[in-house]
Every structure is written in structure tokens, then in C-alpha cells.
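As C-alpha cells, the structure follows; a few thoughts come after it.
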Amino acid sequence: MDKRIWLSPPYVGDTEEQLLLEAFRSNWIAPAGPALEHFEQGLCHITGAPHAVALSSGTAALHLALALIGTGPGDEVIVPSFTYVATANPVRYCGATPVFVDCEPDSYCMSPHWLEVCIKDRLDKGKKPKAVILAHIYGQVADVPAILQLCNQYQILLIEDAAESLGARIGERMAGTFAPLGAYSFNGNKIITTGGGGALVSLHREPVEHGLYLATQAKAKRPFYFHKELGYNYRMSNLLAAVGLGQLTRLDDRIAIRRGIRHLYQDILTENPGVYFLPEPEGRFFTHWLSVAHFPEGTPGKLVDALEAENVESRRVWMPLHKMPLFNNCAYYGAHSDQQHFDTGLCLPSGEALSAPEQFRITQIIGQALTAQAEQA
Ligand SMILES: *Cc1c(COP(=O)(O)O)cnc(C)c1O
């Protein structure tokens with residue numbers, strides 16, 4: 001059997017190995033050290049965010065963002081329904097309640113229309129939301145200008161979950177740098193990885209400084225241990241920052257490769273009837289971290305099996321979060337575009353090492369499975 005093709009495996013090289021070895025030999029084997037500072041500077045340089053703090057995960061970054069603004073029991077936080085569970089879990093960590101908002105029919109990201117409906121209804125019910133977290137999904141960039149405008153109008157703080165979209169942008173402005181607070185992830189499957197990690201970025205110095213303080217157990221500057229605030233152990237290790245530093249050097253190439261993969265899939269797969277891809281609107285630049293193809297309803301599950309039989313990993317798109325038992329009874333505002341995406345969408349292997357012959361093989365397996373299904377029907 002052919003070697004397994006994974007959905008989005010890490011892609012590392014000699015640079016990462018060299019930098020990791022240097023960090024190791026320098027004995028900065030701790031959540032402190034020069035690689036961490038360089039990694040944060042590199043991230044600021046690449047994203048245009050003036051301030052960044054490197055953390056143990058993207059989830060930690062989102063939790064810290066909510067903690068920084070004092071989210072607590074009784075609060076409501078508006079989150080997208082079409083996203084990874086890690087966007088919503090930190091709301092629960094704070095004892096607060098997520099309220100879900102649908103995505104757009106032609107995008108994976110939060111719908112400004114349904115966001116406004118949601119905000120108005122929560123206000124009518126006498127509950128002013130504590131924050132809105134938007135998520136940039138699968139390398140897309142959300143309609144942040146519209147969402148930010150709503151948040152400004154209703155005076156609600158916006159947090160950007162850019163875990164999946166480092167490098168995506170509107171004009172020159174990067175996903176993650178529109179809102180007062182933005183979060184990135186460097187998990188093993190993301191466009192760059194530290195083998196597990198994340199970062200909180202901001203346009204302002206204060207929240208990032210305070211974030212660093214809270215991420216290192218909120219130790220007061222005294223000659224003995226003294227704590228006024230609830231802190232966390234969320235700092236990234238210097239060793240992992242060294243890996244991240246290497247990964248950052250090739251971000252543009254990584255994005256170009258992922259975009260190429262997506263375009264090849266699109267060219268070949270759309271020759272099958274009923275197959276489509278969501279558009280990349282004028283003025284937006286998507287990284288296509290994961291290539292997502294849409295098929296006739298009921299097909300994605302069968303394609304997962306057909307690909308698995310050939311040792312190829314694929315993955316259904318996000319199941320709407322408000323339909324998970326974990327979020328039973330949470331409010332939802334939308335028209336079920338999330339469900340429409342779930343019924344039709346499939347994430348295809350998108351790793352940088354994916355070769356053109358491998359991609360052709362994947363499209364062949366899919367084409368055959370679609371034909372077989374059409375003949376059965
Ligand atoms: C990966 C991801 C996260 C969480 O990042 P981790 O580093 O795995 O904790 C958060 N939100 C979204 C949308 C993600 O895809």
C-alpha cells in the first residue's frame with residue numbers, strides 16, 4: 001500500500017533543526033530565553049502586530065484574552081458556530097456562556113448579518129455580551145471590517161481567533177491584527193508549527209504585557225513570591241520558540257504552496273458534476289491552509305471512507321458547535337449555513353510536502369467514488 005498521506009502534517013527542515021540545537025546547547029531550556037524574544041519579534045514583523053507574547057497553545061491565547069478583559073460567570077461571549085471547539089472552550093473555562101452565530105453561505109467565517117441580529121436580541125433580553133470572538137477559518141479571512149464596525153457601534157470588545165489563518169489578509173492587513181486582541185496557533189497541523197504553541201498579539205502594549213504576566217503565574221516583582229491576581233502557566237518554551245523561528249522564515253513560500261494545492265484541486269475536481277469551492281473575494285488573500293471541496297449532500301462521508309481505503313486522510317468540515325452535546329441549550333442565531341457546509345464540505349490533504357502525482361491520485365480516488373455513487377443512484 002502507498003505511504004499514508006496526512007491532512008496537514010508538519011513540514012520542518014534543516015533551519016529548524018539548527019536553531020533547536022543552538023537553543024538546546026545554550027541551555028535556555030525553559031519558558032524563557034532569547035529564541036522566545038526573537039520569535040515574538042519575528043511574529044510582529046510578519047503580521048504587522050506591534051506586540052506579541054508566545055504561549056503554550058492557541059487555546060491558551062484565547063483563554064488569556066478573555067481573562068484579560070475580566071470574563072467571568074454570568075457573562076455571555078458571542079462565538080462562531082462553524083469553528084473548532086477551541087474557539088468556544090475558553091469561554092467555558094471562564095465560567096461564561098457561549099452564544100453561537102452562523103457563518104455566511106459563501107464563506108466559512110462569521111456572518112455580520114447574524115451577528116447584528118444576535119447582538120440586538122441579547123441587548124433586548126438585557127444581556128450585553130462581554131465580547132465577540134470571530135474565527136478566520138481554513139486560511140480564509142472573515143469580514144472583519146463589518147464585524148469590527150458592529151462591535152464598535154455596540155461597544156463590545158472583539159477578539160480574533162486567527163489560529164487557522166496566519167498570513168491571510170485584506171489588502172495589506174493581516175488576519176489577527178484588526179481587533180484589539182488576536183490569537184494564533186502553532187499546533188502541529190497549522191501552517192507553521194512549534195510542535196504545539198500559540199501567541200496573543202495586540203495593537204497595544206498594555207494587554208500583551210499584562211498577558212505575559214498572567215501567563216507566567218502573575219508573579220509580582222518582589223524578592224519573594226507574591227500574588228495579587230490569578231495567573232496561568234501558559235508561556236511557550238524557548239526550545240519550541242527556536243523551532244518557530246525557523247518556521248517563520250518561509251511563511252510566504254508555505255502560503256504559495258498551499259494556494260497552489262488548492263488551485264490544482266479546484267481545476268480538476270470541478271470537472272465532476274456538483275463539485276464546487278467557496279470563492280476568494282476580490283481584495284482578500286486567503287492562505288488556503290486547508291483545501292475544502294464541496295460535494296453533493298451525503299457524499300463527504302463516503303469520500304472519507306474511499307480515501308481512507310487508499311491510505312489517504314481527509315476530514316469532514318466543522319460540525320456546527322451548537323449541535324454538540326457539550327453546548328446543549330446554548331443560544332444560536334443563523335440560517336444554518338454552517339450545517340450546509342457540514343453536509344457538503346470535505347477537507348483534503350493540503351500539506352506542503354504533497355506532490356502533484358499524489359494530488360492527482362487523490363482526485364482520481366474521488367472521481368471514481370463519485371462516479372460509482374452516481375451509477376448506484
Ligand atoms: C487550532 C485552533 C485553535 C487552538 O489552537 P491550539 O494551539 O491547538 O490550542 C483555536 N481555534 C481554531 C479555529 C483552531 O483551528
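Just so you know, residue 1 is the first one in the sequence shown, and it goes up from there. Every number for a ligand or one of its atoms is a count from 1 in the order of the listing.
Short contacts between ligand 1 and Ala163, defined as distances under 4.0 Å to a heavy atom of the residue, involve ligand atoms 2 (C), 3 (C), 10 (C), 11 (N), 12 (C), 14 (C). Interface atoms of ligand 1 facing Thr87, defined by a heavy-atom separation under 4.0 Å, are 11 (N), 13 (C). Atoms of ligand 1 found under 4.0 Å from any heavy atom of Thr83 (numbered from 1 in listed order, with element): 13 (C). Interface of Ala86 with ligand 1, defined as ligand atoms under 4.0 Å from a residue heavy atom, comprises 3 (C), 4 (C), 10 (C). Atoms of ligand 1 lying under 4.0 Å from any heavy atom of Ser57, numbered from 1 in the order shown and given with element: 7 (O), 9 (O).
In summary, Glu76 and Arg122 engage in a salt bridge, as defined by a charged side-chain N under 4.0 Å from a carboxylate O. Lys3 has a carboxylate O that lies under 4.0 Å from a charged side-chain N of Glu358, or vice versa, which qualifies the two as a salt bridge. Salt-bridge formation is not detected for the pair Glu280/Arg262: no Lys NZ or Arg NE/NH1/NH2 atom is positioned less than 4.0 Å from an Asp or Glu carboxylate oxygen.
Remark: among candidates Gly198, Ala162, Ser185, Ala183, the nearest residue to atom 5 (O) of ligand 1 is Ser185, based on non-hydrogen atoms.
Neither the backbone nor the side chain of Ala135 has any atom closer than 4.0 Å to an atom of ligand 1 (non-hydrogen atoms only).
With respect to atom 15 (O) of ligand 1, the closest heavy atom belonging to the protein is Glu164 OE2, 2.5 Å. Of all protein heavy atoms, the one closest to atom 1 (C) of ligand 1 is Lys190 NZ, 1.5 Å. Summary of contacts: the protein heavy atom closest to atom 9 (O) of ligand 1 is Thr59 OG1, 2.4 Å. Considering only non-hydrogen protein atoms, atom 11 (N) of ligand 1 sits nearest to Asp161 OD2, 2.7 Å.
For the ligand labelled ligand 1, residue Gly197 lies inside the 4.0 Å heavy-atom shell.
At least one donor-acceptor pair under 3.5 Å links the side chain of Thr193 to the backbone N or O of Phe186.
Taking the six-membered ring where the residue is Trp, His288 and Phe286 present perpendicular rings, their angle passing 60° and hence far from 30°.
With a 4.5 Å cut-off on side-chain heavy atoms, His63 and Tyr234 count as touching.
Between Trp318 and Tyr84, the gap from one ring centroid to the other is short of 6.0 Å.
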*Evaluate salt bridge (charged side-chain N to carboxylate O under 4.0 Å, His left out) for Glu40 paired with Arg235, printing each intermediate quantity in order.*
CA-CA 12 Å; Glu40 285 165 351; Arg235 189 69 162 134; 2.6 Å; yes

*asked:* Pair Lys125, Asp121 - check salt bridge (charged side-chain N to carboxylate O under 4.0 Å, His left out), show working.
replied: CA-CA 6 Å; Lys125 291 187 162 69; Asp121 190 60; 2.6 Å; yes

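Any N or O atom pair closer than 3.5 Å counts here, and Gly58 shares at least one such pair with ligand 1.
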